Trainee: 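Take a look at the following structure, please.
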Amino acid sequence: MPRRNTVRTSLPSLDTLEDIAARAAGGDNEALEELGKVSEKLNRRLNQRMRELEKADRTGDAYQRIKSSLGGKARGSQARTGSAEQLFKNAQNALRGLNYKESTLTGIREVDQDTADSFFQHFGLLQPDQSASREQVKRLNRFLGSDGWREMKKAFGSDIGKQISEMILNDEDDIESFLNDMENFENLDTDIFTTLEEWGVEF
């Protein structure tokens with residue numbers, strides 16, 4: 001069965017939403033109906049993105065920011081009827097979430113890549129025209145989100161990250177075990193000093 005081509009329509013601007021809402025609030029029924037349709041469409045689109053993020057287990061900071069734009073909820077309201085004020089609020093919240101670059105998996109991957117490249121380049125481990133591999137980006141992302149890294153920064157500052165960066169870039173055989181320890185550090189019966197000594201990290 002041939003795949004259907006899906007066309008992504010551009011998002012309306014906030015000015016456009018405000019103009020429609022102002023006409024709706026002034027008693028223009030056609031504008032109120034239009035506002036309801038726009039609000040429903042924006043929220044349906046955002047809710048689909050939220051489901052995609054959840055399915056990919058990418059419910060970190062970006063996902064939480066989107067939830068915050070929805071008043072702490074994981075889904076936006078797809079109601080097409082209501083007051084001009086409420087429909088505008090629903091549409092505005094959805095638009096804010098959709099405008100986050102990390103509201104899509106592609107956007108998250110781009111941000112992860114930029115973060116990794118900047119991190120490695122900061123320590124002189126990559127040149128400005130070089131990029132980390134997908135696996136290296138994935139490993140660094142795991143490390144930067146770990147409890148162990150937070151403890152390391154508190155104890156030694158961020159410069160200690162250079163040694164970990166070298167471990168990741170060199171694809172050392174035991175890097176996966178090290179990352180597992182960093183991610184599960186709170187469950188380890190040890191402190192950060194002992195843990196790093198065991199892994200041969202100098203501080």
Side-chain angles (χ1 to χ4, degrees), residues 46-76 93 96-203:
L46 180 62
N47 291 344
Q48 177 59 35
R49 290 190 186 182
M50 295 293 276
R51 284 189 288 269
E52 290 172 356
L53 294 180
E54 291 162 357
K55 185 176 180 180
D57 196 26
R58 298 305 301 260
T59 55
D61 291 344
Y63 177 90
Q64 297 304 323
R65 285 200 299 274
I66 297 172
K67 279 186 63 176
S68 178
S69 74
L70 298 174
K73 300 177 181 178
R75 298 288 184 271
N93 289 343
R96 185 180 299 116
L98 289 166
N99 278 325
Y100 283 130
K101 184 174 185 177
E102 298 107 306
S103 68
T104 67
L105 294 175
T106 297
I108 287 178
R109 284 191 288 268
E110 290 176 356
V111 170
D112 287 349
Q113 183 73 55
D114 291 343
T115 298
D117 290 345
S118 297
F119 195 83
F120 292 132
Q121 289 167 11
H122 170 74
F123 293 117
L125 302 174
L126 285 180
Q127 297 302 313
D129 60 344
Q130 294 179 309
S131 292
S133 70
R134 182 175 297 181
E135 187 61 33
Q136 290 165 344
V137 171
K138 182 179 177 181
R139 287 172 174 170
L140 183 66
N141 193 50
R142 287 175 58 194
F143 173 64
L144 294 180
S146 70
D147 296 326
W149 172 234
R150 284 188 283 272
E151 290 299 315
M152 290 170 67
K153 285 196 297 183
K154 285 193 294 185
F156 312 107
S158 59
D159 284 348
I160 196 171
K162 181 176 182 179
Q163 293 184 65
I164 314 304
S165 298
E166 291 173 331
M167 292 168 64
I168 292 173
L169 284 175
N170 292 333
D171 295 323
E172 295 189 7
D173 293 338
D174 54 2
I175 187 63
E176 287 296 322
S177 296
F178 173 79
L179 291 176
N180 286 337
D181 276 0
M182 292 296 99
E183 289 178 315
N184 298 294
F185 179 75
E186 289 188 348
N187 298 322
L188 299 180
D189 188 22
T190 183
D191 57 38
I192 193 64
F193 300 94
T194 304
T195 301
L196 294 182
E197 282 182 343
E198 291 174 349
W199 283 103
V201 177
E202 297 180 359
F203 49 86

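These numbers come from a predicted model, not from an experiment.
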Trainee: Is there a donor-acceptor contact under 3.5 Å from the side chain of Arg142 to the main chain of Glu183?
Mentor: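 The answer is no, because no donor-acceptor pair under 3.5 Å joins these two groups.
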Trainee: What is the distance from atom CG of Leu53 to atom CE of Met50, rounded to the nearest 0.5 Å?
Mentor: 7.0 Å
Trainee: Short question: side chain of Gln163, backbone of Glu202 - any donor-acceptor pair under 3.5 Å?
Mentor: yes
Trainee: Determine the minimum heavy-atom distance between Gly97 and Leu46, stating which atoms define it.
Mentor: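 Looking at all heavy atoms of both residues, the closest pair is C-CD1, 3.9 Å.
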Trainee: Kindly compute the distance separating CG (Asn180) from CD1 (Ile175), expressed to the nearest 0.5 Å.
Mentor: 10.0 Å
Trainee: Considering non-hydrogen atoms only, spot the tightest contact between Asn47 and Gly76 and give its length.
Mentor: OD1-N, 2.7 Å
Trainee: Strictly distance-based, threshold 3.5 Å: is any side-chain N or O of Ser118 a donor or acceptor partner for the main-chain N or O of Asp114?
Mentor: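 Looks like yes, one N/O pair under 3.5 Å.
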Trainee: To the nearest 0.5 Å, tell me how far Ser103 OG sits from Leu98 CG.
Mentor: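 So the OG of Ser103 and the CG of Leu98 are separated by 6.0 Å.
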Trainee: So which heavy atom on Phe123 is nearest to which on Ser165, and how close?
Mentor: CD1-OG, 3.8 Å
Trainee: At what distance, to the nearest 0.5 angstrom, does OG1 of Thr195 lie from CG of Asp189?
Mentor: 9.5 Å
Trainee: Contact between Met152 and Phe143 at the side-chain level, heavy atoms closer than 4.5 Å - yes or no?
Mentor: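 SC-SC contact between Met152 and Phe143 confirmed.
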Trainee: I would like to know whether Trp149 and Ile160 meet side-chain contact (heavy atoms from CB on, under 4.5 Å); could you show each step before the answer?
Mentor: CA-CA 10 Å; Trp149 172 234; Ile160 196 171; 4.0 Å; yes
Trainee: Side chains of Asn141 and Arg109: donor-acceptor distance under 3.5 Å anywhere?
Mentor: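 Short answer, no.
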Trainee: Between the main-chain N or O of Tyr63 and the side-chain N or O of Glu102, is there a donor-acceptor pair closer than 3.5 Å?
Mentor: no
Trainee: Yes or no on side-chain contact (heavy atoms from CB on, under 4.5 Å) for Gln121 and Gln130, after CA distance, side-chain angles and deciding distance?
Mentor: CA-CA 9 Å; Gln121 289 167 11; Gln130 294 179 309; 5.6 Å; no
Trainee: Would one find more than 12 heavy atoms of other residues, nucleotides or ligands at under 6.0 Å from atom CZ of Arg65?
Mentor: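 It does: Arg65 CZ has more than 12 such atoms within range.
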Trainee: Asp112 vs Arg58, test: side-chain contact (heavy atoms from CB on, under 4.5 Å). Steps then yes/no.
Mentor: CA-CA 12 Å; Asp112 287 349; Arg58 298 305 301 260; 2.9 Å; yes
Trainee: Run the numbers on Thr194 and Asp191 for side chain to side chain donor-acceptor pair (under 3.5 Å), then give the verdict.
Mentor: CA-CA 6 Å; Thr194 304; Asp191 57 38; 2.9 Å; yes
Trainee: Using ring centroids (six-membered ring only for Trp), state whether Phe156 and Phe193 fall under 6.0 Å.
Mentor: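 Yes - the distance between ring centres of Phe193 and Phe156 falls below the 6.0 Å cut-off.
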Trainee: Take atom NZ of Lys101 as the centre, draw a 6.0 Å sphere, and report whether it contains more than 12 heavy atoms from other residues, nucleotides or ligands.
Mentor: yes
Trainee: Which of these passes side chain to side chain contact (heavy atoms under 4.5 Å, CB included) with Ile164: Leu140, Leu169, Leu144, Val201?
Mentor: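 So the option named by the test is Val201.
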Trainee: Decide side-chain contact (heavy atoms from CB on, under 4.5 Å) for Glu176 and Arg139; before the verdict, give the C-alpha distance in whole Å, the side-chain angles of both, and the deciding distance to 0.1 Å.
Mentor: CA-CA 8 Å; Glu176 287 296 322; Arg139 287 172 174 170; 3.0 Å; yes
Trainee: Which pairs with one or both residues in residues 144-157 pass salt bridge (Lys or Arg N to Asp or Glu O under 4.0 Å), sequence neighbours excluded?
Mentor: Asp147-Arg150, Glu151-Lys154
Trainee: With sequence neighbours excluded, tell me which residues meet salt bridge (Lys or Arg N to Asp or Glu O under 4.0 Å) with Glu54.
Mentor: Arg75
Trainee: How about NZ on Lys138, more than 12 heavy atoms from neighbouring residues, nucleotides or ligands closer than 6.0 Å, or not?
Mentor: no
Trainee: Can Arg96 and Asn99 be counted as having a side-chain donor-acceptor contact under 3.5 angstrom?
Mentor: no
Trainee: If you compare all heavy atoms of Ala132 against all heavy atoms of Val137, which two are closest, and at what distance to 0.1 Å?
Mentor: CB-CG2, 3.9 Å
Trainee: Counting C-beta onward and ignoring hydrogens, is there a side-chain heavy-atom pair between Asp171 and Gln136 closer than 4.5 Å?
Mentor: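 The answer is yes; the side chains approach within 4.5 Å.
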Trainee: Is Leu188 close to Phe185 at the side-chain level, that is, under 4.5 Å between some pair of heavy atoms?
Mentor: yes
Trainee: How long is the span from the CE atom in Met182 to the CH2 atom in Trp199, to the nearest 0.5 Å?
Mentor: 8.5 Å
Trainee: Distance check, rounded to the nearest 0.5 Å: Gln127 atom CD versus Phe120 atom CZ?
Mentor: 14.0 Å
